[in-house]
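The figures that follow rest on heavy atoms only: side chains count, while hydrogens, waters and symmetry mates do not. Below, chains carry the letters A, B, ... as their sequence lines are ordered, and counting in each starts from 1.
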Protein chains: 2
Amino acid sequence: MTLGQKIKELRESSGMFQRELASKLEIGDGFLSKVESNQKTLKREHLLTLSKIFNYPFSELNALWIGTKLYEIVKDEQEGLNALKVAEQQLSYEKIENARN
Amino acid sequence: MTLGQKIKELRESSGMFQRELASKLEIGDGFLSKVESNQKTLKREHLLTLSKIFNYPFSELNALWIGTKLYEIVKDEQEGLNALKVAEQQLSYEKIENARN
DNA sequence: CTACATTTGACCTAAATAAGTCAAGTCTAA
DNA sequence: TTAGACTTGACTTATTTAGGTCAAATGTAG
């Protein structure tokens, strides 16, 4: 699930048109269309607005936002999956380090 | 293991000084010092050079290069780990999709 | 066919990032 | 105590990315 897909899903399941949601977010509907197909990214502040409009957990939107961004980086990479593993290891290592201090 | 750490490790285990390696890469030694501590990133072309100098697999350097970049993005994120999972899922999903066609 | 929803392509500007340099400061052994 | 190895901070310039707009093209139900 990408952020774009999730937004589209939330929007449609609440019977809203792009123009309506776009206006709530104060962006053009052409832009929203691209956001829903992951051709463009939303500003991060918009996530909070979305979370309120659809009563959907902010943390999940946040994870999708970052995750989609990461995916854009690795999607055409030979070593994409390994790179994700590397990042994961560094992240858990850092956590342990911090816990020690 | 970060890319910087790996480079330092390779360099030291081959008894080379920063100035020597820096000159092979045609960069300043101050810059290399920062690269080794992940304060700066190397150009990607440099990875091939490193791979040859140290006779170390390019693919691994590549994975470290991208991985370290990903880590920089997620390291201060609440949802960092989840975001990595999201990206991983998208990546494997895409693979399946491609395999179907 | 035509009205409305959506998608797409071309374009734009401001802000951020990449990829360094250089000089000064620090560390460490001899 | 001083040379050589390394680190750090301040700065720079060129390129990329973010975050859009707008009009035209396309999809689609009635």
**Complete:** Per-nucleotide protein contact along nucleotides 7-26 of chain D, 5' to 3', at a 4.0 Å heavy-atom cut-off (B base, S sugar-phosphate only, - neither), is BBBB--------BBB-----

**Request:** Side-chain contact test, heavy atoms from C-beta onward, threshold under 4.5 Å: evaluate it for A:Thr41 versus A:Thr68 and give yes or no.
**Result:** no

Roughly how many Å is it from [atom1] in [X] to [atom2] in [N], rounded to a whole number?
X: A:Leu21; N: C:dT6; atom1: CG; atom2: P; answer: 10 Å
X: B:Ile73; N: C:dA16; atom1: CD1; atom2: C1'; answer: 13 Å
X: A:Asn38; N: C:dT7; atom1: CG; atom2: C1'; answer: 14 Å

**Item:** Listed once per pair and sorted, the salt bridge (charged side-chain N to carboxylate O under 4.0 Å, His left out) pairs that draw on residues 16-42 of chain A, sequence neighbours left out
**Value:** A:Arg11-A:Glu36

**Asked** Think A:Arg19 has a side-chain N or O under 4.0 angstrom from the OP1 or OP2 of C:dT6?
**Response** no

**Prompt:** For the atom pair NZ (B:Lys85) and CG (B:Leu81), what is the distance rounded to the nearest 0.5 Å?
**Reply:** 5.5 Å

**Asked** Any idea which heavy atoms bring A:Asn38 and A:Gly4 closest together, and the distance?
**Response** OD1-N, 3.2 Å

**Request:** Measure across A:Asn82 and A:Glu79 and return the closest heavy-atom pair with its distance rounded to 0.1 Å.
**Result:** ND2-OE1, 2.7 Å

Distance-only criterion, 3.5 Å: show the donor-acceptor pairs between side-chain atoms of residues 54-66 of chain A and protein atoms not counting sequence neighbours.
unit_1	atom_1	unit_2	atom_2	d
A:Tyr56	OH	A:Lys6	NZ	3.2
A:Tyr56	OH	A:Glu60	OE1	2.8
A:Asn62	OD1	A:Arg44	NE	3.4
A:Asn62	OD1	A:Arg44	NH2	3.0
A:Trp65	NE1	A:Leu42	O	3.0

